[in-house]
Amino acid sequence: MKYDFRTIEPKWQERWERAGAFRAEDHSSKPKYYTLVEFPYPSGAGMHVGHIKAYSGLEVVSRKRRMQGYNVLFPIGFDAFGLPTENYAIKTGIHPREVTDRNIKKFTSQLRRVGFSFDWSRVVDTTQEDYYRWTQWIFLKMFEKGLVFRDTALVNYCPSCKVVLSNEDSQGGHCDICKSEIVQKSKTVWYLRITAYADRLLQGLDEVDYLPNIRQQQVNWIGKSTGAYVNFPLRGCDESLRIYTTRCDTLFGVTFMVIAPEHPILDKYRDRIVNTADMDAYREECAKKTEFERTQLAKQKTGVRIEGLTAVNPVSGKEIPIYISDYVMMGYGTGAIMAVPAHDERDYAFAKKFGIDILEVIKGGDISKEAYTGDGEMVNSGFLNGLTNKKDSIARMLAYLEEKGIGEAGVQYKMKDWAFNRQRYWGEPIPIVHCPHCGMVPVPYEELPLRLPQISNFEPGEGGESPLAKIESFVHCKCPRCGGDARRETDTMPQWAGSSWYYLRYVDPHNTACLADPEKLKYWMPVDWYNGGMEHVTRHMIYSRFWHKFLYDIGAVPCAEPYAKRTAQGLILGPDGEKMSKSKGNVVDPNDVVDEYGADVLRTYVLFMGDYASAAPWNESSMKGCKRFLERVADLWELVRPDGGSPKLETAFHKTVKKVSLDIEELKFNTAIAAMMTLLNEICEVGSLTPEQFSVLVRLLCPFAPHLCEELWETAGGEGLCSLAPWPEWDESKTVDSTVEVAVQINGKLRATVELPLNCAREEAIALAKADARIAPQLQGKTIVKEISVPNKIVNLVVR
RNA sequence: GCGGGCGUGGCGAAAUUGGCAGACGCGUAAGAUUUAGGAUCUUAUGUUUAUACGUGCAGGUUCAAGUCCUGUCGCCCGUACCA
């Protein structure tokens with residue numbers, strides 16, 4: 001058969017669509033399987049081949065599952081709210097709705113051309129009113145349950161995007177979207193109390209099957225630490241300074257305290273402080289520093305001693321000085337620390353610089369040179385002296401603190417509450433009304449969706465307020481509670497909102513009564529296998545796990561975890577080995593590849609190019625190997641004969657079916673394809689194959705190159721669609737030949753290989769090995785000290 | 001610093017519990033075919049003269065190490081003054 005992909009591919013795409021071949025059934029007696037890929041953000045640039053690789057993995061799994069008789073839900077949609085579209089609108093004046101629709105159209109056509117087996121009847125678009133209605137509904141439910149709060153805080157602000165960012169979106173002190181430097185700004189911010197779920201998000205990881213590195217990243221992100229809160233009395237005040245520490249056993253070694261420059265105690269006891277001028281100067285200096293400067297210029301310690309205010313070490317009774325320094329953060333713990341310079345590197349550096357006492361409480365190091373952070377015997381520590389086990393000394397100290405009422409055990413998380421608002425137009429409006437009498441009042445559920453008003457000027461205000469603030473008709477409203485004049489909240493939700501629950505909407509995308517029908521959720525949830533990029537493993541996944549757990553708590557979903565299994569694919573790099581980006585001009589457009597090579601070659605190549613989880617550079621000439629492979633398969637029909645094949649080829653088929661079946665489950669697509677290539681080589685060597693063998697190969701290859709395989713299936717008179725034909729099975733007993741090649745070593749060095757019957761007995765194998773024409777001469781005059789035989793693998797003769 | 005991962009031909013990479021290192025593909029070379037080019041097919045292809053040597057480097061365990069152990073160098077990803 002001539003491999004005419006330009007005719008074949010549109011033909012089968014049309015037939016699949018007409019037959020509804022990949023529609024998931026809501027009511028089915030078949031077992032269900034829900035495969036999920038991360039839905040794309042429809043950017044103006046269109047898709048690149050990285051998207052294709054990201055979807056091809058579970059595409060193969062989904063197709064295999066269908067052939068195995070599962071009712072498969074493999075949906076796609078668009079995460080379409082977001083800044084790039086809005087920035088484009090500002091630049092061009094074209095409404096984001098229009099831009100979004102255009103981009104979605106482009107993405108859809110690209111995806112269709114690749115022949116992905118998505119259920120196109122379930123597409124969701126987060127920017128559609130019937131979708132964001134339910135995003136707002138979830139928000140209001142959280143508001144109702146006290147998980148939404150507002151606070152004035154120093155926030156990460158991007159001066160270029162004019163928008164407040166969460167900690168997650170401003171890592172390394174740079175805006176996640178435009179890469180410009182973040183500044184700290186005091187703003188009123190909406191928060192979601194994700195920290196209330198920190199422990200459950202951590203524990204939930206035990207119930208799911210995530211790749212170990214993915215799990216670890218989430219654990220680190222949540223960042224749970226166990227320790228103690230300790231109160232240090234302030235001399236001459238009724239109040240104590242509260243700190244958090246993981247090493248309360250070193251309490252006797254505390255020689256000073258450090259508090260964050262923003263710590264409220266500084267204002268409260270301002271009249272007692274002698275050197276307010278120095279203090280204010282330092283605080284101002286810190287406020288000006290960006291988060292970036294504060295962490296990068298870190299290693300050099302700066303600070304100011306607060307004169308007139310001292311604390312008392314609650315276990316030793318010694319009076320100790322208090323400093324302010326920006327190495328202590330207001331956002332972690334209590335914003336104050338007890339400093340143990342002898343056993344903490346940062347405290348040590350600070351103490352050296354300011355000439356503060358360093359008191360050893362753990363033996364083992366040389367504290368005249370550096371801080372000792374290892375374990376050892378406790379000294380200078382009263383009742384702890386002599387203890388050598390860290391656990392014991394911590395337990396003893398904790399017991400003491402609790403007994404005396406000085407402190408208590410506690411935990412801390414690195415994870416912070418989720419800053420949940422953006423001063424932007426293209427997002428879900430936050431459905432809250434500010435009433436001068438009633439305060440914050442939720443928009444009634446029956447008024448959802450709270451629609452985005454039509455506007456034409458998308459510029460944010462100079463003060464960084466949302467473009468919505470300029471729309472009088474939107475802002476002015478009546479309070480839903482008292483009916484008086486009120487103002488609408490004008491901030492919108494961050495982009496992460498819509499993607500936090502989209503997998504639920506796929507289950508029932510057109511429901512108008514609830515976010516998804518409970519019965520359908522019960523059938524489809526949880527997602528059996530979720531694949532996506534490593535960059536979404538912390539933010540997106542933790543956010544959506546949090547939303548899901550909340551929905552579980554209010555009875556809206558039937559399971560505690562949304563994703564039963566999670567894997568991640570590696571990037572496709574440009575041909576130059578660099579990350580693909582528009583600015584580097586190394587982006588490969590899937591449309592170009594489909595034009596020149598066809599969708600099946602593209603699909604096969606992105607999976608063949610290397611380990612699925614690793615990054616690999618695009619290499620066009622390497623893709624030609626996949627093209628040749630498919631062309632040779634297309635020609636195979638010529639070799640089909642009822643009496644074709646050979647016993648050896650039959651074994652090769654069983655081996656290959658097994659290998660491909662198992663490799664797909666482990667995302668080892670590269671070796672699965674290699675195995676089929678090897679099989680093809682063997683068929684060509686034999687020169688013929690049976691019709692049944694042909695059918696097996698076509699079905700085996702179908703998830704990878706479905707268009708070609710449908711065509712071959714039809715040519716061979718197969719029944720129905722190849723895509724829905726039964727997955728080939730293998731017979732374990734037929735995966736092995738009757739004879740095996742066994743390596744013969746002398747002193748561990750390969751000297752010959754011998755053909756032995758399968759499962760040849762040890763004695764016989766050794767005897768046959770010794771008798772081999774190449775081995776026997778080498779044993780002349782030598783003594784055999786040891787004979788090792790591993791069945792079907794190796795014989796090793798140790799001689800002297 | 002901490003957490004995770006990786007280091008194998010000219011290139012992308014394979015290699016169950018330790019058991020023939022380099023499967024499969026690219027590239028390269030020679031030949032066939034072709035008016036020519038391209039495409040296709042056949043053969044060869046880790047280094048080396050047989051012997052020997054080869055999985056970042058140095059040791060170790062073992063009959064046997066890419067795989068296990070100790071030390072060391074380098075790279076990538078994530079995170080970062082987390083008390």
Side-chain angles (χ1 to χ4, degrees), chain A residues 171-173 211-217 219-221 223-225 227-228 243-248 250 257-258 260 291 294-301 325-329 331-340 344-347 349-350 373 412-416 534-535 537-538 570-571 604-605 608-611 613-629 631-632 635 662 668 670-681 684 741-753 784-799:
Chain A
Q171 288 170 37
L211 287 183
N213 53 335
I214 293 174
R215 181 199 156 91
Q216 195 57 47
Q217 275 201 29
V219 169
N220 292 346
W221 192 264
K224 181 174 182 172
S225 86
I243 60 96
Y244 175 74
T245 177
T246 53
R247 291 301 302 270
C248 64
T250 61
M257 300 186 78
V258 188
E291 181 93 5
R294 216 164 139 167
T295 53
Q296 287 306 304
L297 310 173
K299 315 305 162 194
Q300 197 55 275
K301 296 283 178 285
S325 173
D326 62 0
Y327 83 92
V328 174
M329 307 288 160
Y332 185 79
T334 62
I337 63 158
M338 62 177 218
V340 188
D344 181 283
E345 282 165 26
R346 294 155 304 173
D347 297 348
F350 194 86
T373 55
Q412 269 292 327
Y413 302 92
K414 284 187 200 172
M415 191 170 70
K416 294 173 190 167
M534 280 307 288
E535 70 275 22
V537 155
T538 43
L571 293 173
T604 309
Y605 174 62
F608 181 64
M609 60 196 295
D611 176 33
S614 310
W618 185 260
N619 180 343
E620 181 153 352
S621 75
S622 190
M623 188 164 51
K624 285 178 185 154
C626 293
K627 182 173 180 245
R628 278 183 204 145
F629 169 58
E631 282 170 348
R632 290 174 64 205
D635 286 335
L662 298 180
K668 288 163 76 174
N670 52 340
T671 49
I673 294 166
M676 289 187 280
M677 289 173 167
T678 307
L679 179 65
L680 176 66
N681 291 342
C684 292
E741 208 177 56
V742 169
V744 184
Q745 297 180 335
I746 295 177
N747 292 341
K749 298 257 161 76
L750 180 71
R751 287 292 177 259
T753 58
I784 296 175
V785 226
K786 198 167 182 182
E787 295 168 339
I788 294 120
S789 170
V790 180
N792 304 326
K793 284 264 160 73
I794 206 160
V795 171
N796 189 9
L797 305 170
V798 185
V799 303

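Chain A is the first sequence line, chain B the second, and so forth, proteins listed ahead of strands; every chain is numbered from 1. Note that the structure is a prediction, hence the values are computed from the model and not measured.
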Check every atom of [options] against the side chain of [X] and return the nucleotide holding the closest atom.
| X | options | value |
| --- | --- | --- |
| A:N796 | B:rA64, B:rC24, B:rC20 | B:rA64 |
| A:N670 | B:rC26, B:rA14, B:rC81 | B:rA14 |
| A:T245 | B:rA83, B:rG12, B:rA23 | B:rA83 |
| A:S225 | B:rC81, B:rG4, B:rA83 | B:rA83 |
| A:R346 | B:rU40, B:rG3, B:rA83 | B:rA83 |
| A:Y244 | B:rC41, B:rA23, B:rA83 | B:rA83 |
| A:K414 | B:rA83, B:rG3, B:rC82 | B:rC82 |
| A:N681 | B:rG25, B:rG19, B:rA52 | B:rG25 |
| A:Y332 | B:rC26, B:rG78, B:rC82 | B:rC82 |
| A:D611 | B:rA14, B:rC24, B:rA83 | B:rA14 |

Would you mind classifying the nucleic acid contact of [X] as base, sugar-phosphate or nothing, using non-hydrogen atoms under 4.0 angstrom?
| X | result |
| --- | --- |
| A:R215 | nothing |
| A:Q745 | base |
| A:Y413 | nothing |
| A:K668 | sugar-phosphate |

Quote, to the nearest angstrom, the [atom1] distance that separates [N] from [M].
| N | M | atom1 | answer |
| --- | --- | --- | --- |
| B:rU8 | B:rA39 | C1' | 34 Å |
| B:rC41 | B:rU33 | C1' | 8 Å |
| B:rG59 | B:rG27 | C1' | 38 Å |
| B:rG46 | B:rU40 | C1' | 28 Å |

- Mind checking who B:rG31 pairs with, Watson-Crick or G-U wobble, both distances under 3.5 Å?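 In the structure as shown, B:rG31 has B:rC41 as its Watson-Crick or wobble partner.
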- Classify the ring geometry between A:Y244 and A:Y332 as parallel (under 30°), tilted (30 to 60°) or perpendicular (over 60°).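 Geometry flag for A:Y332 against A:Y244: perpendicular rings.
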- Are A:Y413 and A:W221 close enough that their ring centers fall under 6.0 Å?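 Not close enough - the centres of the two rings lie 6.0 Å or further apart.
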- Query: Would you say the base of B:rC20 and the side-chain of A:E741 have a donor-acceptor pair closer than 3.5 Å?
  - Reply: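 Yes, the side chain and the base share a sub-3.5 Å donor-acceptor pair.
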- Check RNA chain B against residues 786-794 of chain A and give the residues with a non-hydrogen atom under 4.0 Å, in numerical order.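 RNA chain B contact set from residues 786-794 of chain A: A:K786, A:I788, A:V790, A:K793, A:I794.
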- Message: So which atom in A:F608 and which in A:C626 form the shortest heavy-atom distance, rounded to 0.1 Å?
- Response: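 Looking at all heavy atoms of both residues, the shortest contact is CD2-SG, 3.8 Å.
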- To the nearest Å, how far apart are A:Y605 OH and B:rC24 C1'?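 Distance check: A:Y605 OH to B:rC24 C1' gives 14 Å.
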